[in-house]
There are 2 protein chains.
Amino acid sequence: MTKQSPPKPPKPRTAGRPSGGGGLTKQRIAEEALAQIDEFGLGAFSMREVAARLDVYPATVHWHVSTREALLAEVAALVMAEVPPPPGKLVWKDWIAELFRRCRATVRRHPNVAQLLGAQLVSNGSLPMELVEGILATLADAGFEDEALLEAYNCVVAAMLGFLTMEFSPLPADNTQAWAEELRERVHTIRPLDHPVLTRNLAQLANKAFILRWDNGTTVPLDSSFERHIQITIDGLEAFARRIRVR
Amino acid sequence: MTKQSPPKPPKPRTAGRPSGGGGLTKQRIAEEALAQIDEFGLGAFSMREVAARLDVYPATVHWHVSTREALLAEVAALVMAEVPPPPGKLVWKDWIAELFRRCRATVRRHPNVAQLLGAQLVSNGSLPMELVEGILATLADAGFEDEALLEAYNCVVAAMLGFLTMEFSPLPADNTQAWAEELRERVHTIRPLDHPVLTRNLAQLANKAFILRWDNGTTVPLDSSFERHIQITIDGLEAFARRIRVR
DNA sequence: ACCTGAACACCGTTCAAGT
DNA sequence: ACCTGAACACCGTTCAAGT
């Protein structure tokens with residue numbers, strides 16, 4: 001697109017350790033990769049592109065990162081490291097709710113990495129240990145221990161990352177417009193006799209309910225649904241805690 | 001791997017519409033793609049590979065499917081179409097719980113497509129409309145309407161697909177072994193002073209808690225966590241229903 | 001309408017060679 | 001230790017040409 005300088009002046013660079021303030025690091029590479037993904041989406045990400053941005057040969061990137069997958073995991077970790085842990089003094093319900101909100105705020109700033117969070121085991125390891133400990137400590141405070149602690153923890157993580165992964169799942173890369181129009185058409189021509197409840201609530205659901213939408217969370221945020229999701233999760237956890245106490 | 005017949009006998013095939021029982025269809029292509037993914041993982045999926053399996057030129061596949069992304073969406077739809085809708089006579093709590101379980105059973109049969117379900121908006125449209133209507137009808141039965149219906153629905157879908165996406169998220173493609181060993185090492189050498197709760201419950205959490213595991217749901221299924229996730233979601237929904245009734 | 005055959009512009013990764 | 005330069009074996013997609 002912006003490549004219109006054909007008499008490309010040959011940049012003579014030398015091999016070996018850089019003399020200037022160069023100092024390419026894994027961190028630096030991940031930052032550049034994140035920038036690329038933020039700007040143009042995951043589809044525009046490639047080792048070669050990142051190398052080009054850093055004005056370096058592809059092999060150089062590989063010297064630092066080993067593999068494309070590893071770099072993406074690094075990027076995911078970079079994003080999740082931005083999540084500020086909620087203050088420790090909150091009661092457990094508020095702490096969990098705050099975590100959900102802060103996590104979403106961070107993902108909102110990097111929506112294109114959302115699909116990396118839940119969907120790959122490598123980048124599942126991206127949540128900072130500090131947050132993991134925070135969740136566990138909070139749930140322990142709420143009265144969960146042993147297997148109940150494990151279950152409550154998994155529920156919290158799945159509910160949080162799962163929702164965000166879906167809310168910000170990317171649109172088709174190619175002809176977004178045509179695709180959106182087609183889905184919108186399909187949703188609005190659903191046969192009322194086969195799908196009465198859907199039809200009756202179409203105005204409420206169209207483009208705001210999962211599976212029935214053609215824009216993602218970047219364009220059409222699911223604010224109220226997310227807040228409700230928090231409440232439902234916490235109410236469910238409380239019921240769980242009650243069941244334990246009763247026993 | 002199994003390619004050791006170099007004097008490949010040239011298969012002379014003719015262009016044009018196939019005479020025999022050929023009849024390549026989008027459906028047929030998606031089935032072959034699914035088979036490939038089931039066997040060797042999403043990493044081994046490519047248009048060319050699918051074409052080879054069908055004994056056809058890559059361009060032929062493109063004539064039927066338009067794009068790689070579209071084919072993957074088709075594959076996701078194929079899988080989710082396998083989910084048998086729960087019987088309609090169940091009370092709403094049981095219906096939702098059954099849906100969760102049936103959905104999981106299906107994804108368990110095709111774990112490698114899990115990462116497609118939640119993470120791409122194209123394949124978000126994969127859930128059959130019949131199930132969507134089922135969820136809506138069930139929730140309407142439970143007393144949710146208008147915006148509450150939207151919120152409850154989004155919560156159900158996110159909770160269900162979100163958990164499954166994470167439980168079956170794929171391992172790194174390359175040197176799985178080394179990666180697993182490294183993560184296991186990292187988890188077991190967490191500093192006790194910084195992460196007391198984590199350390200205290202390490203035996204309970206290691207390789208069974210999200211972020212702290214190196215095997216996915218195929219090897220180490222999160223059965224009890226999933227059942228608890230169902231209960232928590234339903235209890236939360238019930239609390240939500242109560243809040244509405246009170247108002 | 002459906003397919004072949006070939007081509008284009010990309011990939012990730014490896015490896016010898018430089019400094 | 002860190003990088004160049006080139007190569008290898010793949011990709012997805014397009015397009016004219018066949019039948």
Side-chain angles (χ1 to χ4, degrees), chain A residues 1 3 6 8 10-29 32-33 36-37 40-75 122 172-175 178, chain B residues 1 3 6 8 10-29 32-33 36-37 40-75 120 122 172-175:
Chain A
M1 289 213 158
K3 284 181 183 178
K8 194 193 256 177
K11 41 167 181 178
R13 264 177 310 109
T14 141
R17 189 189 235 124
S19 49
L24 195 53
T25 71
K26 192 188 286 193
Q27 171 87 7
R28 179 83 192 79
I29 293 172
E32 204 63 39
Q36 168 76 9
I37 293 172
F40 307 102
L42 199 65
F45 165 86
S46 78
M47 292 286 136
R48 294 182 110 99
E49 183 61 37
V50 172
R53 285 179 73 114
L54 292 162
D55 197 35
V56 147
Y57 274 79
T60 304
V61 176
H62 266 95
W63 195 91
H64 290 274
V65 191
S66 85
T67 205
R68 177 194 144 95
E69 212 172 6
L71 176 50
L72 287 178
E74 214 72 34
V75 170
V122 224
D174 268 2
N175 38 359
Chain B
M1 290 216 159
K3 283 181 184 177
K8 192 192 256 175
K11 41 166 184 181
R13 264 175 313 106
T14 141
R17 190 188 231 123
S19 49
L24 194 53
T25 70
K26 191 187 289 196
Q27 171 87 7
R28 178 84 192 78
I29 293 172
E32 204 63 40
Q36 168 75 8
I37 294 172
F40 306 103
L42 198 65
F45 165 87
S46 77
M47 293 283 135
R48 294 182 110 100
E49 184 60 39
V50 172
R53 285 179 74 114
L54 293 163
D55 198 35
V56 145
Y57 274 79
T60 304
V61 176
H62 266 94
W63 195 90
H64 290 273
V65 191
S66 85
T67 205
R68 176 194 144 96
E69 212 172 5
L71 176 49
L72 287 178
E74 214 73 34
V75 170
Q120 310 228 37
V122 223
D174 269 0
N175 38 358

- Message: Does any part of the side chain of B/Leu42, heavy atoms only, come nearer than 4.5 Å to the side chain of B/Leu72, both counted from C-beta?
- Response: yes
Original post:
With a 4.5 Å heavy-atom cut-off, do A/Leu71 and A/Phe45 have their side chains touching?
Top reply: yes
Nucleotide [N], atom [atom2] - distance to [atom1] of [X] in whole Å:
| X | N | atom1 | atom2 | value |
| --- | --- | --- | --- | --- |
| B/His62 | C/dC3 | NE2 | C1' | 15 Å |
| B/Phe45 | D/dC11 | CZ | P | 11 Å |
| A/Leu54 | D/dC2 | CG | P | 15 Å |
| A/Arg48 | D/dA6 | CZ | C1' | 10 Å |
| A/Met47 | C/dC10 | CE | C1' | 15 Å |
| B/Leu72 | D/dG12 | CG | C1' | 12 Å |

Where the side chain of [X] is concerned, which of [options] is the nearest nucleotide?
| X | options | value |
| --- | --- | --- |
| A/Trp63 | C/dC3, D/dC3, D/dC15 | D/dC3 |
| B/Ser46 | D/dG5, D/dG12, D/dT14 | D/dG12 |
| B/Arg68 | C/dT4, D/dT13, D/dT4 | D/dT13 |

Could you tell me whether the side chain of A/Glu74 and the main chain of A/Lys26 form a donor-acceptor pair under 3.5 Å? no
Q.
Quick one: does any side-chain atom of B/Glu49 pair with a main-chain N or O of B/Gln36 as donor and acceptor, under 3.5 Å?
A.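 Not at all, since once roles are kept as given, no pair shorter than 3.5 Å links the two residues.
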| said: Could you identify the nucleotide paired to C/dA1, looking across every strand shown and requiring Watson-Crick or G-U wobble geometry with both distances under 3.5 Å? | reply: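 D/dT19 - that is the nucleotide pairing with C/dA1, both distances being under 3.5 Å.
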(Q) Both distances below 3.5 Å, Watson-Crick or wobble geometry, any strand: find the nucleotide opposite C/dG12. (A)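 Partner of C/dG12: D/dC8.
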Give a yes/no answer on whether the side chain of B/Tyr57 brings an N or O atom under 4.0 Å of OP1 or OP2 in C/dG5.
yes
Look at the side-chain N and O atoms of B/Thr67 and state whether any lies under 4.0 Å from the OP1 or OP2 oxygen of D/dG12.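 No, B/Thr67 has no side-chain N/O under 4.0 Å of OP1/OP2 on D/dG12.
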Salt bridge or not for B/Arg28 and B/Glu32, using N-O below 4.0 Å?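 Yes, charged N to carboxylate O under 4.0 Å.
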By nearest-heavy-atom nucleotide on DNA chain C, the more 5' of B/His64 and B/Asp174 is B/His64
